[in-house]
Amino acid sequence: MSSLRAEAGVGQVTLTWPAVADAVGYVVHHGAGPDSLAPLDHGGGDLLVVPCAPYADTRREAGGWYAVAPVRSVEDAPGTPGSPVHAEPLPADAVPEVAVRVDVADRRGRLPRPWRTCIGSEHLSHLLSTDECGGRPIGAESVAALARVHAELGVERVRAHGTLGDDLGVVTTGVDGAPLHDFSRLDAVLDTALGTGVRPVLELGWTPRALAPDEPWHEITPAGLADPPRDLSAWADLVEAFVRHLRERYGDDELARGWALEVWNEPNLGCFWTGDQQDYLDLYDASVAAIRRAHPTLPVAGPATAAVGWLDAFLKHAGGLDILTPHAYGIPPLDLRPVLARHGREDVAVWWTEWGPTPTHFHPVNDHPWVASFTARGMLAAARADAAVACWVSSDHFEELGRPPRLVHGGFGLLSVGNLAKPRFWALRALELLGDEEVGTSVSGDGAESLVQAWAGVDPDRVAVTVWNGSLQQHDWAEPRDDLRRTVRLDVAGLASGRYAVRHRRVDADHSHLAKHAADLGVAGWPDEDQWHTLRGLDVLADLPAGPVDVGADGTATLMLDLPTSALSLVELTPASQ
């Protein structure tokens, strides 16, 4: 890492370095002097690793000495940091300009949409709930949330915990002490989910009490236990019976339309799995063998580990794996293709089946527009790494630490209780509205790619560009940062001459921001009926004023955007005659 560069910018220092071929990420080191460097905590709460350059240090104490160390395996210590370099942020005497150039003639093929593959959800038994939260029906709104993310974000699958849990009564004990399988309630859940347009990624867990070892039990929720099954053969019988039941009830043609099975959730965390790594690998082997006895090709996924843990050990061991499913929060998805290549598993797909801005329940960042730029940055990183990403989760009807206490409470959901869109949802909606074909973009200026990024696509007679400005640092996420504001010159080249209508939509502190709308209405707990009505009227991706633009013989439209930090813009150009 001897070719690390530190570039001074207004309010930030941008670090760039050449990629290391077999690295999955990098740890940035910082200190007041070259001999006092320590890993820089970007505040994501999960991993200190960042996926790639460039990286902007936007902390208030930014500046000083920096070095970068490659990470080849998250399980191992980072490599040795390279030679340190020094830089200090520039004073904020003016708003810097960043240039974004989109070339409509530079066609890149079908635009990847990593968010479509899957989304997370609370236990699917929620879909059948008749309870209320905040006066809202949990079951009906959970169903409506899945339907909305399918319709507006293109989401194809849903993943949830507790497929085999006690809340669905999948296993009971007969009079002779033998396990009895009953999939009728699970059938009702799956039928309901399919009715929303999504198909399931069925996470095999938790351990039903009928298959658990003797008490004391380690309860995850009343739906199931973190204890390994006392008898892996009984567990395998359950898995095999379940898969055979799926084939009989839904048929192979339906299962081939996107269903998948994932073995457990986050077994490297004691709260979800009380066994050790080998116990999990034994469970995985027994599950895969059972699945294959019942179905020859149904995709199998794992290890669903927190903070990208156990990957090398798992890939070294695991057979029958179709999809690698790591989890991470607070950072863009890492490029795991070097890990797969190291184990000769290049044919395995990568789905991040849990991903979001923070692993912390009820964290206010979940409701803040900071997450809009974070989400867009993460999806672009995933697209570049040929990976899929499941945002955790679809709805604030989520109860791992109890039911939501108020409308704005830092819930994990893209949608609130009441199914009002939060900034993360609007970021994905803006990306979903990009055209079907990706076109080339380039970004230059103060904070290019480290703060400001762009992604563009075209449809017949329409160009759509998303541009966002945001830091990966979470230390000052709620604090206005005028020094990180940027003026963006957007040049869209390769157009036919003529007049174009311009539509400009925005997510920021004042637009498409549910928490701000609720605060403006004085909603401290749950809205009253009038407030619900007003909030539903504000549930749109907000428009900013935008006039037409004339394109001359050079084929370039030029627009100037004022882009504060934690903001995302969607700009669409359409020939005025359309």
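Heavy-atom basis, side chains included; hydrogens, waters and symmetry copies ignored. Given the structure is predicted, the values throughout are model-derived calculations rather than measurements. For this chain, numbers begin at 1 and follow the sequence in order.
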Open item on the list: Measuring centre to centre across the rings, with the benzene-like ring taken for any Trp, is Tyr280 within less than 6.0 Å of Trp264?
Closed with: no

- [ ] Please answer whether the main-chain N or O of Ala304 pairs with a side-chain N or O of Thr325 as donor and acceptor at a distance below 3.5 Å.
- [x] yes

Open item on the list: Is it the case that over 12 heavy atoms from other parts of the model lie below 6.0 angstrom from the CG atom of Asp386?
Closed with: no

Open item on the list: Does Leu311 form a side chain to side chain contact (heavy atoms under 4.5 Å, CB included) with Val74? I'd like the steps, not just the answer.
Closed with: CA-CA 8 Å; Leu311 291 197; Val74 173; over 6 Å; no

Open item on the list: Under a 3.5 Å distance rule, please check whether His150 uses its side chain to pair with a backbone N or O of Val155 as donor and acceptor.
Closed with: yes

- [ ] Heavy atoms only: give me the nearest Pro39-Val27 pair and the separation to one decimal.
- [x] CB-CG1, 3.9 Å

TODO: Please list, chain by chain and in numerical order, all residues satisfying side-chain contact (heavy atoms from CB on, under 4.5 Å) with Leu380, sequence neighbours excluded.
DONE: Arg384, Gln453, Trp455, Trp468

Task: Tyr329 side-chain N/O to Glu354 backbone N/O, donor-acceptor pair under 3.5 Å - done: no

TODO: Calculate, to the nearest 0.5 Å, the distance between atoms CG and CD belonging to Leu484 and Glu479 respectively.
DONE: 10.0 Å

Task: Distance in Å, Trp115 CH2 paired with Arg429 CZ, rounded so as to fall on 0.5 Å steps - done: 11.0 Å

Open item on the list: So which atom in Leu407 and which in Val417 form the shortest heavy-atom distance, rounded to 0.1 Å?
Closed with: CD1-O, 3.4 Å

TODO: Using atom types as modelled and distance alone, determine if a side-chain donor or acceptor of Ser512 lies under 3.5 Å from a backbone N or O of Arg506.
DONE: yes

Task: Check against side chain to side chain contact (heavy atoms under 4.5 Å, CB included), Glu122 and Val393 - done: CA-CA 7 Å; Glu122 177 56 280; Val393 288; over 6 Å; no

Task: Thr375 side chain reached by Pro423 side chain, heavy atoms, under 4.5 Å - done: no

- [ ] Could you check if a side-chain atom of Asn268 sits within less than 4.5 angstrom of a side-chain atom of Gln277, using non-hydrogen atoms only?
- [x] no

- [ ] Give, for atom NE2 of His30 and atom CG of Asp57, the distance between the pair rounded to the nearest 0.5 Å.
- [x] 5.5 Å

Open item on the list: Would the distance check show the side chain of Arg113 and the main-chain N or O of Met379 forming a donor-acceptor pair, the cut-off being under 3.5 Å?
Closed with: no

- [ ] Might you work through the side chain to side chain contact (heavy atoms under 4.5 Å, CB included) test for Thr117 and Val389, ending with a clear yes or no?
- [x] CA-CA 7 Å; Thr117 297; Val389 181; over 6 Å; no

TODO: Start with the C-alpha distance between Asp106 and Arg108, add both sets of side-chain angles, then the distance that settles side chain to side chain contact (heavy atoms under 4.5 Å, CB included), and finish with yes or no.
DONE: CA-CA 6 Å; Asp106 181 9; Arg108 302 290 180 89; 2.7 Å; yes

Task: Backbone N/O of Phe412 and side chain of Arg424: donor-acceptor pair under 3.5 Å - done: yes

Task: Residue pairs, two or more places apart or on separate chains, that pass salt bridge (charged side-chain N to carboxylate O under 4.0 Å, His left out) and touch residues 82-105 - done: none

- [ ] Without swapping roles, check the side chain of Arg377 against the backbone of Glu449 for a donor-acceptor pair under 3.5 Å.
- [x] yes

Open item on the list: Which heavy atom of Val467 sits nearest to which heavy atom of Ala454, and what is that distance?
Closed with: CG2-CB, 4.2 Å

- [ ] Ignoring hydrogens and angles, tell me if any N or O in the side chain of Arg345 forms a donor-acceptor pair with the backbone of Leu315 under 3.5 Å.
- [x] yes

Open item on the list: Within this structure, what is the CG-CG distance for the pair Leu414 and Leu420, rounded to the nearest 0.5 Å?
Closed with: 13.0 Å

Open item on the list: Taking the side chain as everything from C-beta on, heavy atoms only, tell me whether Trp351 gets closer than 4.5 Å to Glu262.
Closed with: no

Open item on the list: Please find the pair of heavy atoms, one from Pro114 and one from Ala383, that lie closest to each other, and give the distance.
Closed with: CG-N, 3.7 Å

Open item on the list: Between His343 (side chain only) and Ala313 (backbone N and O only), is there a donor and an acceptor less than 3.5 Å apart?
Closed with: no

Task: Residue pair Val308 / Leu336, side-chain heavy-atom distance below 4.5 Å - done: yes

Open item on the list: Quick test of your reading of the model: are Arg342 and Asp22 salt-bridged, counting only N-O distances below 4.0 Å?
Closed with: no

Open item on the list: So Trp370 and Gln474, do their side chains get closer than 4.5 Å, heavy atoms only?
Closed with: yes

- [ ] Check for a donor-acceptor pair, side chain of Asp322 on one end and backbone N or O of Val300 on the other, with a separation under 3.5 Å.
- [x] yes

- [ ] Compare every heavy atom of His409 with every heavy atom of Asp396, then report the nearest pair and how far apart it is.
- [x] OD2-CE1, 3.5 Å

Open item on the list: Can a side-chain donor-acceptor contact be found between Asp483 and Gln12 if the only test is distance below 3.5 angstrom?
Closed with: no

- [ ] Inspect the surroundings of CZ in Arg107 and state if more than 12 heavy atoms from other residues, nucleotides or ligands are less than 6.0 Å away.
- [x] yes

Open item on the list: In the structure I gave you, are the side-chain heavy atoms of Val465 and Thr441 within less than 4.5 Å of one another anywhere?
Closed with: no

Task: Close side-chain approach of Trp273 to Glu266, heavy-atom, < 4.5 Å - done: no

Task: Point-to-point distance, once rounded to the nearest 0.5 Å, from NZ of Lys316 to CG of Leu281 - done: 11.5 Å

TODO: Indicate, with yes or no, if the rings of Trp17 and Tyr55 have centres closer together than 6.0 Å.
DONE: no

- [ ] Let me know which of Leu15, Val68, Val28, Val50 forms a side-chain contact (heavy atoms from CB on, under 4.5 Å) with Leu40.
- [x] Val28

Task: side-chain hydrogen bond (donor to acceptor under 3.5 Å, both in side chains) partners of Asp46, counting only residues at least two apart - done: none

- [ ] Taking the side chain as every heavy atom from C-beta outward, state whether Arg505 and His511 have any atom pair closer than 4.5 Å.
- [x] no

TODO: Determine the minimum heavy-atom distance between Ser395 and Ala145, stating which atoms define it.
DONE: CB-CB, 3.8 Å

Task: Euclidean distance, Ser566 OG relative to Asn469 CG, rounded to 0.5 Å - done: 7.5 Å

